[in-house]
Asks: 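First the structure, which I've put down as structure tokens, then a few questions once you've had a look.
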Amino acid sequence: MNFTLCSSSSELRYTFVEGLPCTNKNMVDSEPFVKVDKFNKKDSTRASNHNARKLLMSSNLMPQRLKGSNMGRKHLKEPGRKLEFVRTLLIDNYDSYTYNIYQELSVINGVPPMVMRNDELTWKDIRYYLYEENAFDNVVISPGPGSPACPADIGICLQVLLECWDIPILGVCLGHQALGYVHGAKVVHASEPVHGRLSEIEHNRCKLFNDIPSGHNSGFKVVRYHSLVVDAESLPDELIPIAWTYSRDALSFIETQKSDVPSEFAVGSFPTKPKNGSFSPFSCSGKVRSEKVLMGIVHSTRPHYGLQFHPESIATFHGRQIFKNFREITEDYWLNSRASFIKKRNFDYTACMQMPNASRLRTEVPRHRQLVSNSDGQLYNKISRRKNSESNTSSSGAVNMVNLLHPGIGVKYLKLRWKRFKHLAGQVGGAKNIFCALFGHHKAENTFWLDSSSIEKRRARFSFMGGKGGTLWKQLTYKLSDRSDTTLKGSGFLSVEDAQGSNRNTFLEEGFLDFLKKELMSFRYDEKDYEGLPFEFHGGYIGYMGYSLKVECGASSNCHKSRTPDACFFFADNLVVIDHCSDDVYILSINKECTSTTPWLDNTEQKLLRLKASATNEGEEPTLQAFRSSQYQGSFVVDKSREQYIKDVDRCLEYIKDGESYELCLTTQMRKRIGEMDSLGLYLHLREKNPAPYAAWLNFSKEKLCVCCSSPERFLRLDRNGVLEAKPIKGTIARGATLEEDEQRKLQLQYSEKDQAENLMIVDLLRNDLGRVCEPGSVHVPHLMDVESYATVHTMVSTIRGKKRSDVSAVDCVRAAFPGGSMTGAPKLRSMELLDSIETSPRGIYSGSIGFFSYNQTFDLNIVIRTVVVHEGEASIGAGGAIVALSNPEDEYDEMMLKTRAPAKAVTEFFTPIFDKKQSPPLVSQPSSPPSFFFSSLFLVVGGLRVSVGSTAMASSLASKPFLGGASRTDGFSGFCSSSSDLRTLSSSSVQFVIRPRTPNKLQVQAAGNTTGNHFRVTTFGESHGGGVGCVIDGCPPRMPLSAEDLQGDLDRRRPGQSRITTPRKETDTCRILSGVHEGVTTGTPILVLVPNTDQRGRDYDEMSVAYRPSHADRTYDQKYGIRSVQGGGRSSARETIGRVAAGALAKKILKAFSGTEVFAYVSQVQKVVLPEELVDHHNLTLDQIESNIVRCPDPEYAEKMIAAIDAVRVKGQSIGGVVTCIVKNCPPGLGSPVFDKLEAEFAKAVMSLPATKGFEIGSGFAGTFLTGSEHNDEFYLDDQGKIRTRTNRSGGTQGGLSNGEIINMRIAFKPTATIGKKQNTVTRDKKEMELIARGRHDPCVVPRAVPMVEAAIALVLVDQLMADFAQCHMFPINPDLQDPVPQPMVDLQDPVPPPMVEAAEAAGVHI
């Protein structure tokens, strides 16, 4: 494969680009720029006149006032000056690394970029700010999940890349793929997914890579997060490769820190010396070997760049230099192109962007969520005013996270008093004794203890404990409302119990975090009150936030309702603090400012002094009343079996392979009934066996809820200096039995490529989360991939820090990062959506956070892992692990079980004294096989006999019978339903299927609607996302040569992914003939053709499984059958037509061989682009003319217009319809039957059964209604051979329902594809209104792929009619006075007809 290499974008300045004004209101939408001197990959002898034509096209894009002038050159001669700042529009593709780019650009550009989600504004709005307001100098398109071929994934980006040809654009990862895709390149699966690993990069030294080394051992190593790549072989001429790597040479982070990079990394042959002092964008040539992976591209005539790797990653070398170079490219582009550009720049927007809150701190808002106002209120308020001058609201999609005191909040003045007791903790036996003495009575009800039980290497220093008692004490209990309510996501019910025991219930429309933020902002205090205190919690809220609160942080929904409250907090006005470094003990009390007495401080002081006096020796523990229930024995039971968990890991790996996620943190739960027990005793045992720096005890007695947590992981901390810190853990391995083994295990973890990839991905995610709330340039990673050792495991830990911006609150910081990235994966939003679809139970408190929010806006929160949650007599433990491309499913299961070992063992040991130790139960048991669905009253009525069925086996047997269903499934119920979710809607106690026979002695259930034809019968089978599709052909004549290759040609014309204007689903559609052919010849028996499905992505339809797609068959299928196959539309999908096209290819072969009959179809209309009929010569039309372009229009000029029309809607996630014209040449006369089976009626039935068809006409069609009889009639005449012909063909080749021998001419209308990437209102299966953005891969216009489908449908009708005609009309000699001779086969049979048969036939007047 040959590449033409372009070294520098700064050289990509052409005379037809220079001098363009900033505002170009006459931009040509359908005609993109093309390169004049086109580089060649395959054919170096392209016609020069074609290039000349494109040159003229590009010159037409010049503003009229610049043509023929030297204005551009004059401007270039003027001395330029650098811009003081560069203003960037950063388009966020719902990624979790976008704000890493934001941080880099803020530092480099001198002003923060403006961040906009890819579905937040219309193209009209973007164009207004780019071209009328001159608000931005360049555009950066972020990474993101999914594919650029999916409108829901890429949003407005494709249109920006197409339309903004005169604005510098840099696309990263998904943005890079979008640049390739929008210009016609294919985006395909990489040879292997690469996530969180590094590669050495070679580049062509273009300006984007100024001052950056290139090649093997050069030091230029970059981080890659991608499963898809731009196919280098498919690059169009206008895209030039500028960087590449080797797929086999991905390195771990540790490997890049060593000098011995693998020596097998071979250096290719690339240009290294400039030509005439500078690189020519077209003169360089070189070869990129097939094993190379494309890492960078540039457009030949536009300042558009794409990078597959992530320059913003913490581990990428020279990443900041790339962004600096892009700034310089932007400056040079504008200063050289527009001398007056600086004067035109809109300084109002620059001032707006320099404001502290100009970055528009955002929450992760899902695509279909109601958008609310942004924080800067300037740029998008102008949009709102421009759209509606009376409106004072905005819908930009950002969440206002600026700290402004809500006017309705009452101000609370607090006074802090405290005392310190030096070295007291050591004198009374430590924190455990203090807690038990002060708060251990009455089962430790309504108490808390943030317990730094592991303080090695100064991982933690302080413990905080307390209970109910002060006048300001209260308990908050929050439960989210119905998850199906899409208009109030995050809303819920708050119950507040005060110190006096009274309760107040409130519905919070804005959610719990908004309430907590307002509460903290209402406090007023004197900072001098806590001067001298070495810790950050001085009183305030302490408790937990459950994982389900993710819906308040941008997640689209919660699929599972938590059994525990979604948040529980105490307001702690009295607390005890222990400094584990000095053993000092502090007691603190908050009161209203007017209160002067401190009774709690005095009483607690006396208790501590008595405890000191009673301590006879160090470590003596007070006696606790232990209570352990003996009622519940046995072990923990995991929600999912080993087999099911491994299957879930495989699903995660498929998502990763398809680019939907970089990393998925899969979890499950295990449970054990324990009844009534001493929960505090359990926690004390757990902290002893598995001490941890962020351990915690919480007892919400009213909720019958205790949390025993031994977490080693900090989620997020904010100190009084405004420093944020996160310490994610990714990578865990068990401790060794000996010192030597333990050290080996530690090194094994340190050098694990898989664990390093996990950790690096989460570090970059946390940098992103902190980058949303921190000052530009302040986010850093002081510790990357350190290994920390705990009682049972080694873990890999990193530390990320940043300086909080002054305009955001403590709760804003938590909202920006919750849930912790180590529990979700990346990108966070998409990963949470996918995990919700895989996991079958709520996470509850697990994966959430426990900690405090101090009244002075500091906080410290952990990640809830290694935790036992005791709720209503049941103990549960959550565990999981990060799934990455390098994961092994069996190893992932083992790692998940390892993480449960410490808490599960603590529970089991705590109960063991009740039993005989020799018979103590195992820690964890596997669940039995999933319970079978039992039908207690299933029966069939057959011929008056009632047969009861009382077992799943019988139901499975019945389901496998042909009259009840198709191929069997592993669940044994394919005959009854297509998914377990549908079965759950049926009653498990009584399900009846009654089949009433037509006759008392025979059961007849006819399969309706899947078979066509009477003599040449075709039955299609299969569904879009099943195992495969195909057909059974019955009635094919014997002794015909036939192979799979005869059918494959038409299947290739029908298959998806063949061009940019078709669905990007990648299927080879390779067919196999399984019966009816022997040694390459048909046998006359049924022919079975099978095409396996290989690129199913049923997960794209998860949301559509509960919501009906507008104008799709979803609702009608449910209405008719009460059940449907959700994925891909099932039988309503166009994939069903594979069987028809395969059978149609055989039918065309028969027609051609027998009578020379040919069927051709082509696209004659795409939306408003209509091909005039007179431009197509039907008599001489060939397949080559039709297949000369991707839209299948035989006229090249109109083909380009049609492609442009499809491209215009494709990038918007829209769809359009069109018309396919079909002709039949050399059709024998007399085919068809009068009255009900007229030939045109059969044609209409055949083509109207194709998906998306909405109209059929033949001959003059509806236009004939405008003519008179004399104008419309086709007059007869005799041709040179004496045959009766018609001078015109307004009848379209049929008369009286029979073919007349003329060319049959018909047109079929196809509607726009129903499944689109735009928001649409719809209704769910449970009758609730919602908004839907359909995902999946769909054609923006179906007509290019409908061409072979139409041909097949018509050919099947003709063969069936031909056989019927012979059967009825040609068993006896014809009437030569009125009938033309019967067509004769045009191919020789295998064996000659026996002479006696020939003689007998000739005697009867039939010639053989």
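Sequence positions, counted from 1, serve as the residue numbers for this chain.
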Asks: Anything under 3.5 Å between a donor and an acceptor, one on a side chain of residues 1216-1224, the other on a protein residue two or more places apart or in another chain? List them.
Replies:
from: Thr1221; atom 1: OG1; to: Ser1164; atom 2: OG; distance (Å): 2.8

Asks: With sequence neighbours left out, what residues match Thr1012 under side chain to side chain contact (heavy atoms under 4.5 Å, CB included)?
Replies: Val1018

Asks: Apply side chain to side chain contact (heavy atoms under 4.5 Å, CB included) to the pair Ile1186 and Leu1181, showing each step before the final yes or no.
Replies: CA-CA 8 Å; Ile1186 296 170; Leu1181 183 65; 4.1 Å; yes

Asks: Looking at side-chain heavy atoms only, is the closest gap between Leu1183 and Arg1053 below 4.5 Å?
Replies: yes

Asks: Under 4.5 Å between any side-chain heavy atoms of Leu1042 and Ile1087, yes or no?
Replies: yes

Asks: Taking the side chain as every heavy atom from C-beta outward, state whether Val1357 and Leu1239 have any pair of such atoms under 4.5 Å apart.
Replies: yes

Asks: Are Arg1135 and Glu1023 within salt-bridge range, i.e. N to O under 4.0 Å?
Replies: no

Asks: With respect to Pro1344, which candidate in Ile1203, Asp1339, Val1166, Val1191 satisfies the side-chain contact (heavy atoms from CB on, under 4.5 Å) definition?
Replies: Val1191

Asks: I want to check something: taking the side chain as every heavy atom from C-beta on, are Ile1354 and Met1306 in contact at a cut-off of under 4.5 Å?
Replies: yes

Asks: Val1141 pairs by side-chain contact (heavy atoms from CB on, under 4.5 Å) with which of Val1350, Asp1069, Asp1050?
Replies: Asp1050

Asks: Identify the two heavy atoms, one from Leu228 and one from Ser147, that lie closest to each other, and give their separation to 0.1 Å.
Replies: CD1-CB, 3.9 Å

Asks: Do Leu1047 and Ile1073 come close enough that some side-chain heavy atom pair is under 4.5 Å?
Replies: yes

Asks: With a 3.5 Å distance limit and no angle check, can you tell me whether Glu1240 reaches the backbone of Thr1294 through a side-chain donor-acceptor pair?
Replies: no

Asks: Is there a side-chain contact between His1179 and Ile1303 in this structure, where contact means two heavy atoms from C-beta onward sitting under 4.5 Å apart?
Replies: yes

Asks: Could you label the plane-to-plane angle of the Phe1366 and Phe1154 rings as parallel, tilted or perpendicular, counting under 30° as parallel and over 60° as perpendicular?
Replies: perpendicular

